[in-house]
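Reviewing the structure listed below.
One-based numbering, in listed order, for ligands and for the atoms of each.
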Amino acid sequence: MSIPKTQKAAIFETNGGKIEYKDIPVPTPKPTEILINVKYSGVCHTDLHAWKGDWPLDTKLPLVGGHEGAGIVVAKGDQVTNFEIGDYAGIKWLNGSCMSCEFCQQGAEPNCPDADLSGYTHDGSFQQYATADAVQAAKIPKGTDLAEVAPILCAGVTVYKALKTAALTPGQFVAISGAGGGLGSLAVQYAKAMGLRVVGIDGGEDKEKLFKSLGGEIFIDFTKTKDVVTAIQEATNGGPHGVINVSVSPAAISQSCKYVRTLGTVVLVGLPAGAVCESSVFEHVIKSIQIKGSYVGNRQDTAEAIDFFSRGLVKSPIKIVGLSELDSVYKLMEEGKIVGRYVLDTSK
Ligand code: NAD
Ligand code: ZN
């Protein structure tokens with residue numbers, strides 16, 4: 001396979017600065033890395049946070065964002081034994097970790113203090129050729145639709161793990177706050193596949209339509225509902241047993257601690273800049289609720305999330321545009337106008 005010296009990429013020099021679509025060198029894989037010819041990459045709200053510099057963790061600069069990249073292995077370092085040239089592989093948020101700290105040792109690799117993050121500390125999938133640590137790179141079955149599997153690599157894995165973290169049982173209610181976005185539209189389907197009754201919270205008719213088409217049961221439009229807390233509690237006869245927060249709204253996150261059912265679990269996933277989750281100590285104790293953070297997933301969660309997709313239990317509601325259009329995707333995302341997930345075709 002011939003590998004070019006240069007390639008197209010979407011790159012920025014400063015946080016919030018111009019995103020340039022231009023030629024940059026193709027990276028060389030380290031001995032432990034594979035080089036993936038990225039065909040498609042999902043655009044996650046995390047990429048927007050990274051570009052804006054929203055979080056108290058510096059990005060590398062200049063930076064090529066992206067961490068939902070699906071493609072084909074075109075080269076590998078001489079220590080790589082688990083991938084062959086021609087295999088399908090995925091770039092995840094967790095590009096690599098130390099594999100020897102207390103957290104890696106127990107399979108909590110995303111929590112590694114030395115985690116290397118695609119599209120954050122390591123150039124990501126908004127380029128035609130990207131490197132990934134072979135231990136962490138996702139295995140994608142040959143013949144998989146690479147555009148459709150792309151969002152599974154972050155959004156899918158993350159919501160799958162968040163649902164496991166909520167530890168619900170079939171027949172219970174789960175509320176997905178932000179149900180019409182990238183993570184939310186996949187969360188609805190994983191939840192349904194796990195036998196849960198799904199309540200979706202988001203804004204607008206297009207998101208409601210998508211939610212219903214994915215098997216969601218009760219939709220609450222936060223732009224039209226005066227008292228969201230009461231509406232959800234009434235619709236679920238006392239509140240959902242679990243809540244997966246994938247909105248980028250601090251108010252919506254705090255609200256979920258109010259409407260969650262007694263003994264229920266609130267899972268925090270969405271990461272609005274500078275947000276604090278408020279929960280009344282009195283209600284927290286009397287209702288004995290739990291609030292848990294959930295951060296992407298490990299290798300096993302990734303394999304399981306991809307398996308749900310491969311078996312047709314989860315479909316990606318995607319819209320494909322060119323890599324050169326990344327800045328307009330960010331604009332739509334900022335305005336909350338994205339229904340499902342946008343995926344970039346790296347050839348355009
Ligand atoms: P997205 O923009 O596609 O979706 C967010 C959705 O929230 C939109 O549909 C929006 O309309 C909806 N929303 C806005 N205000 C709301 C409100 N008040 N109530 C209910 N819904 C509301 O974003 P995404 O790509 O799905 O990412 C969501 C968040 O999850 C981001 O903050 C991202 O950084 C974070 N994230 C976290 C992890 C993790 O491991 N914890 C992984 C991936 C993404
Ligand atoms: Zn992501």
If you draw the axis of the six-membered ring of [Y], does the NZ or CZ of [X] fall within 45° of it and under 6.0 Å from the ring centre?
X	Y	result
Lys139	Phe83	yes
Arg311	Phe308	yes
Lys315	Phe309	no

Could you check [atom] against the protein and tell me its nearest heavy-atom contact, residue, atom and distance included?
atom	result
atom 1 (P) of ligand 1	His45 ND1, 3.7 Å
atom 37 (C) of ligand 1	Val269 O, 3.1 Å
atom 28 (C) of ligand 1	Val246 O, 3.1 Å
atom 33 (C) of ligand 1	Thr46 OG1, 3.4 Å
atom 10 (C) of ligand 1	Asp202 OD1, 3.5 Å
atom 30 (O) of ligand 1	Gly270 CA, 3.4 Å
atom 43 (C) of ligand 1	Cys154 SG, 3.5 Å
atom 40 (O) of ligand 1	Val296 N, 2.6 Å

Counting both backbone and side chain atoms, is some N or O of [X] under 3.5 Å from an N or O of ligand 1?
X	result
Pro272	no
Gly182	yes
Leu271	yes

Applying a 4.0 Å heavy-atom criterion (strictly less than), which segment of [X] is in contact with ligand 1: side chain, backbone, both, or neither?
X	result
Ser249	side chain
Trp55	side chain
Phe222	side chain

TODO: Would you sort out whether Lys18 and Glu20 count as a salt bridge (charged side-chain N to carboxylate O under 4.0 Å, His left out), showing the intermediate values?
DONE: CA-CA 6 Å; Lys18 189 174 181 323; Glu20 286 186 274; 5.3 Å; no
Task: Tyr295 and Trp93 aromatic ring geometry - parallel, tilted or perpendicular at 30°/60° bounds - done: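 Correct class here is perpendicular.
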TODO: For the pair Trp55 and Tyr120, name the ring-plane relationship: parallel under 30°, tilted 30 to 60°, perpendicular over 60°.
DONE: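 The arrangement is parallel - the two ring planes meet at less than 30°.
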Suppose I only count heavy atoms of [X] and a 4.0 Å limit; which atoms of ligand 1 are within that range?
X	answer
Ser247	7 (O), 13 (N), 16 (C), 21 (N), 22 (C)
Ala252	17 (C), 18 (N), 19 (N)
Gly180	9 (O)
Gly181	3 (O), 4 (O), 9 (O)
Gly178	6 (C), 7 (O), 12 (C), 20 (C), 21 (N)

Would a distance-only check, ignoring hydrogens and angles, find a side-chain to backbone donor-acceptor pair under 3.5 Å from [X] to [Y]?
X	Y	value
Asn82	Ala134	yes
Asp327	Ile19	no
Gln79	Thr32	no
Asn298	Gly107	yes
Lys164	Asp301	no
Ser118	His67	no

Task: Heavy atom of Ser294, distance to ligand 1 below 4.0 Å - done: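 The answer is yes: ligand 1 sits under 4.0 Å from a heavy atom of Ser294.
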Task: Whether Arg341 lies under 4.0 Å from ligand 1, heavy atom - done: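 Yes, that is the case, since the closest heavy atom of the residue is under 4.0 Å from the ligand.
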Task: Closest non-hydrogen atom pair, Tyr40 against Ala150 - done: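 Taking Tyr40 first and Ala150 second, the nearest heavy atoms are O-CB, 4.2 Å.
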- [ ] Decide, counting backbone as well as side-chain atoms, whether Cys44 has an N, O or S atom less than 2.8 Å from the Zn ion (ligand 2).
- [x]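 A backbone or side-chain N, O or S atom of Cys44 is under 2.8 Å from the Zn ion (ligand 2).
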